[in-house]
Amino acid sequence: MSTQYPEDRLQKLADLRAAGVDPYPAAPPTARELASEVLESFDAREGEVVTICGRVLGRRGYGKLAFLDLDDISGRIQAVMEKALVEEGSFALLKQLNLGDFIEVTGTLKKTQKGQASVYGTRMRILCKALLDPPAKWHGMSDVELRARMRYVDLFANEGIRPHFLKRSAVLSSIRNTLAQHNYNEVETPVLHPIYGGANARPFHTHHNTLDMGLYLRIAPELYLKRLLVGGLERVFELARVFRNEGISNRHNPEFTMLEFYEAYADFSIMADRTEQIVVEAARAAGCEQEDGSLQANFREENFNLATPFQRIRYADAFLEHVGIEATDREALVERLKTEGIEVTGEGDYFWWKAVNNLFERFAEPQLRGPVFVTHYPAAICPLAKPSAEDPTWAERFEFFLGGMELANAFSELNDPEQQLENFERQVQDSDEEAPNAVDYDYVRALAYGMPPAGGCGIGIDRLVMILLGSDSIRDVLLFPLMRPDED
RNA sequence: GGGGGCAUAACUCAGUUGGUAGAGUAGCUGGCUUUUAACCAGUAGGUCCAAGGUUCAAGUCCUUGUGCCCUCACCA
């Protein structure tokens, strides 16, 4: 990107400075009011003098009269600059004004002849001179690549984008509120991990110079959060940015936000209750509430009713329904795996169930529109979950599906250090390159000091926001999705 | 990584059969005291993504590369 600016802009800058006007004044404006607040109370306040600050996004100029549209976080208000009314020098500033500039207007609240509530300026001050033109006012900036690369332009040039992203903020606040209701504490754990774990994913590598130490960007905060349970922090959560060195798609970004929360003396079914509440409150915060009080999300031309309680079905039942075979019918499964071309890549339960789960993902998951909790996953593929007491074939685990996507994953946390060590060692032997690279012995030692029985849950926040806001692509809910560098 | 598509002015887009590059908006100059996509007149603005190739002639056809989008695979 060159730093060539249009000559006329540079000329205006020079003219302003020659006239003793600072195009980038330092002093913050005082007693500034928001556009929408002024407009809401306009009738009662007509005749009052107010000060408005904002970006000029519209201008309709006449010889001795100009209408300016000022845009701020709250909305838009029209300023009218009438030569007869403004103080010496302010009107001349209009000559140097461009769309995109930030200005401060002080003036009287008054309606125009057409009845539009406006600020009739008596004084105008340039707060920031823009050197580049905003996009065409009518079409805005619609190229998806440009919008993502230059989100700073997208946000002011396209209507509805700021409210859209503010809804994501509202969802995050709502999540914090919901967890606070249950006495959770927000914590921060390391992003730089010497050993990566807590999920199956390829990590990003990095390096610390002074310690001459290889590090990974975390793929999940899970193992650190559970160390906190060992330490006696009974209810903790982290809104964690995590990093996975994998493909990019309309539902994958290399860095994304995962909520993980852990609760001592709880189990996976309590985590399902929490998840349900978090999703419902988030939907309310995102504006999914309808006139009849119901919560509806429209995602990819499909409607999802978020009425509680959400459906809960067992993995084995869903498996039978959609795959057509009992998940424990080994003979029939061997046949089916063969016809589907799914290989069992090793000896033992883990590899067997991995292959079986492949069938589940292929045939059952696409049918799970949600909201639905699928419970009791095969224990062999749940290295961090506690096996069910009634039948250790199944783990106390659920995955939550909504909009055809897996949104959450939770279990009763495994707190048997010897079992955990065994699971870790088996994972490391797995030839799968996404499996953890080394046994986290420190985590096993932590468990050996005793971790209370607990439930834990992870929710993919970006995907939740996609569904609640009806965004087809994860890039539409990320302010700055990862892009290849574009030399221009 | 496989398959398909797109790339032209700051922005949004036209560009015919291969024949000298176009519009609207924004910008600039001038006019205008009630507009709200203001209007009127004038003016300026281009590495047609990049590099090759075919051709008398390429924005247009071919090859390769780059970026983005869609889709499949992997994942959350």
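Everything quoted here is computed from the prediction, not taken from an experiment. Chain letters run A, B, ... following the sequence lines, proteins first and then strands; every chain starts at 1.
A/Y184 does not carry A/R274 over the face of its six-membered ring by the limits of under 6.0 Å from the centre and within 45° of the normal. Cation-pi contact between A/R168 and A/F165: absent, since separation from the ring centre below 6.0 Å together with deviation from the ring axis within 45° is not met. The side-chain tip of A/R312 does not point at the ring of A/F398 from less than 6.0 angstrom away and within 45° of straight on.
Inspection of the A/N357 and A/E361 side chains reveals an N or O donor paired with an N or O acceptor under 3.5 Å.
Checking B/C68, B/U36, B/U34 against every side-chain atom of A/E145, the shortest atom distance belongs to B/C68. Relative to the side chain of A/H139, the nucleotides B/U12, B/G67, B/G27 differ in distance, and B/U12 lies closest. Nearest to the side-chain atoms of A/K137 among the listed nucleotides B/C68, B/A38, B/C11 stands B/A38. Of the candidate nucleotides B/U34, B/C11, B/C68, B/C11 has the atom lying nearest to any side-chain atom of A/A136. Picking from B/C70, B/C28, B/C11 the nucleotide with the shortest atom distance to the side chain of A/M141 gives B/C11. Side chain of A/R484, nearest nucleotide from B/G67, B/G30, B/U34: B/G67.
Rounded to whole Å, atom P of B/A7 lies 19 Å from atom CZ of A/R147. Rounded to a whole Å, the CG atom of A/D472 is 14 Å from the C1' atom of B/U71. B/U33 atom P lies 14 Å from atom OH of A/Y120, rounded to whole Å. Atom CG in A/L132 sits roughly 17 Å away from atom P in B/A26 (whole-Å rounding). Note: CG (A/D154) to P (B/U12) measures 11 Å, nearest angstrom. One can place CG of A/D133 at 8 Å from P of B/C28, the figure rounded to the nearest angstrom. For the pair A/L146 CG and B/U8 P, the interatomic distance rounds to 9 Å; values are reported in whole Å. We find that CG of A/L482 is positioned 13 Å from C1' of B/C68, with the value rounded to whole Å.
Within a 6.0 Å radius of CD in A/E46, other residues, nucleotides and ligands contribute more than 12 heavy atoms. In this structure, A/E343 places its CD atom where only 12 or fewer heavy-atom neighbours from other residues, nucleotides or ligands lie under 6.0 Å away.
Remark: the separation of the P atoms in B/G1 and B/U60 is 27 Å, to the nearest Å. Remark: the separation of the C1' atoms in B/C70 and B/A23 is 30 Å, to the nearest Å. To the nearest whole angstrom, the two C1' atoms, one in B/U25 and one in B/A38, are 13 Å apart. With P as the reference atom, B/U16 and B/G53 are 25 Å apart, rounded to whole Å. Nucleotides B/C62 and B/G2 place their C1' atoms 23 Å apart, quoted to the nearest Å. Comparing B/G18 with B/U55, their C1' atoms sit 9 Å apart, to the nearest whole Å. For the C1' atom pair drawn from B/U54 and B/U12, the interatomic distance equals 34 Å after rounding to whole Å. Rounded to a whole angstrom, the distance from the P atom of B/U43 to that of B/C11 is 25 Å.
A/R475 comes within 4.0 angstrom of the backbone, heavy atoms only, and of no base. Here A/S142 lies in heavy-atom contact (under 4.0 Å) with sugar-phosphate atoms only. Contact annotation for A/G460: no contact, since no heavy-atom pair falls under 4.0 Å across all strands. If you check every strand for non-hydrogen atoms under 4.0 Å, A/Q116 touches a base. Within the 4.0 angstrom heavy-atom criterion, only backbone atoms of the sugar-phosphate kind lie near A/R9; the bases stay farther away. Using a 4.0 Å heavy-atom distance criterion, A/R59 is classed as a sugar-phosphate-only contact. Across all strands shown, A/N253 has heavy atoms under 4.0 Å from base atoms, whether or not it also approaches the sugar-phosphate. In this structure, A/N98 reaches the sugar-phosphate backbone alone: every heavy-atom distance under 4.0 Å involves primed, P, OP1 or OP2 atoms, never a base. Using a 4.0 Å heavy-atom distance criterion, A/D462 is classed as making no nucleic acid contact. Contacts of A/K111 with the nucleic acid, taken as non-hydrogen atoms under 4.0 Å apart, are absent. Counting any heavy atom pair closer than 4.0 Å across all strands shown, A/Q78 reaches a base atom.
The side chain of A/K354 contributes no N or O atom lying less than 4.0 Å from OP1 or OP2 of B/C74. Checking the phosphate oxygens (OP1, OP2) of B/U71, a side-chain nitrogen or oxygen of A/N250 falls inside 4.0 Å.
Taking a pair to require two hydrogen-bonding distances under 3.5 Å in either a Watson-Crick or a G-U wobble arrangement, B/G18 remains unpaired. B/U66 is paired with B/A7 under the Watson-Crick or G-U wobble criterion, all donor-acceptor distances under 3.5 Å. Pair assignment for B/G42 gives B/C28, based on Watson-Crick or G-U wobble hydrogen-bonding distances that are each under 3.5 Å.
Sequence order on RNA chain B of the closest nucleotides to A/G140 and A/M483 puts A/G140 first from the 5' end. In terms of position along RNA chain B, the nucleotide closest to A/K83 lies nearer the 5' end than the nucleotide closest to the other residue of the pair A/K83 and A/W138.
Using a 30° and 60° split on the angle between ring planes, A/F319 and A/F360 fall in the parallel class, below 30°.
Between A/H376 and A/F268, a ring centre-to-centre spacing shorter than 6.0 Å is recorded.
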